Amino acid sequence: MFIFHIQNQFLQKVLKKKYPDFNIHAIAPGCVATGMVNYKLGDDLSYGHNILQRVALTEEIASLSAFLSSDYGRYISNTPIIASAGEVL
């Protein structure tokens with residue numbers, strides 16, 4: 001199984017045509033608690049720009065990726081998955 005994490009929907013469609021036997025997934029996360037947003041373990045997760053009022057944890061995005069990579073996600077293909085807790089990206 002091969003996993004792509006693609007932000008560009010056009011690139012996603014091109015890859016799907018080139019590699020029809022692969023499931024091509026695009027995960028579009030909102031703000032995630034990583035070093036890129038200066039998050040450190042134990043910091044406050046408050047974030048007022050989405051419905052949950054907090055940033056996502058890396059584990060939450062990773063579990064989505066694991067689901068899409070598993071047999072349970074085999075029917076989902078060539079569709080961008082927005083994981084932003086309702087934040088408009």
Side-chain angles (χ1 to χ4, degrees):
M1 182 175 303
F2 197 71
I3 303 167
F4 285 106
H5 295 289
I6 301 167
Q7 300 269 343
N8 185 310
Q9 197 170 11
F10 174 74
L11 179 59
Q12 182 184 10
K13 289 180 182 182
V14 169
L15 286 172
K16 187 60 181 174
K17 285 182 181 179
K18 186 168 177 87
Y19 303 105
D21 295 336
F22 293 113
N23 275 349
I24 308 295
H25 303 293
I27 298 175
C31 189
V32 181
T34 65
M36 290 180 64
V37 293
N38 294 323
Y39 173 79
K40 295 178 185 75
L41 190 61
D43 283 355
D44 183 19
L45 295 175
S46 295
Y47 182 70
H49 300 286
N50 63 36
I51 294 170
L52 296 179
Q53 300 290 305
R54 66 170 180 83
V55 297
L57 299 173
T58 54
E59 296 85 4
E60 292 170 320
I61 304 303
S63 65
L64 173 59
S65 178
F67 169 78
L68 292 171
S69 303
S70 74
D71 285 342
Y72 294 112
R74 69 180 172 260
Y75 196 69
I76 300 170
S77 184
N78 204 34
T79 301
I81 308 295
I82 300 172
S84 67
E87 179 181 3
V88 178
L89 302 176

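As the structure is a computational prediction, the values presented were derived from the model and not from experiment.
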Closest non-hydrogen contact found for Ala83 with Ile61 is CB-CD1, 3.9 Å

Atom NE2 of His25 and atom OG of Ser65: how far apart are they, to the nearest 0.5 Å?
8.0 Å

Counting C-beta onward and ignoring hydrogens, is there a side-chain heavy-atom pair between Ile27 and Pro29 closer than 4.5 Å?
yes

Rounded to the nearest 0.5 Å, how far apart are NE2 of His49 and SG of Cys31?
8.5 Å

Considering all heavy atoms, the nearest Ala33-Thr58 contact
O-CG2, 3.6 Å

Consider only side-chain heavy atoms of I, L, V, M, F, W and Y, link residues closer than 4.5 Å, and tell whether Leu64 and Tyr72 are in one cluster.
yes

Answer yes or no: is there a side-chain heavy-atom contact under 4.5 Å between Asn50 and Val55?
no

I'd like to check Leu57 versus Val32 (side-chain heavy atoms, cut-off strictly below 4.5 Å). Are they in contact?
no

Search all heavy atoms of Asn23 against all heavy atoms of Gly73 and return the closest pair with its distance.
ND2-O, 4.1 Å

Donor-acceptor under 3.5 Å (Lys16 side chain, Phe22 main chain)
yes

Pairwise distance CD(Glu60) to CG(Leu52) - rounded to 0.5 angstrom
8.0 Å

Looking only at non-hydrogen atoms, find the nearest pair between Ile82 and Ser84 and report the distance.
CG2-OG, 3.4 Å

Side-chain heavy-atom pair Ile76, Phe67 within 4.5 angstrom cut-off
yes

Any side-chain heavy atom of Ile81 sitting closer than 4.5 Å to one from Leu68?
yes

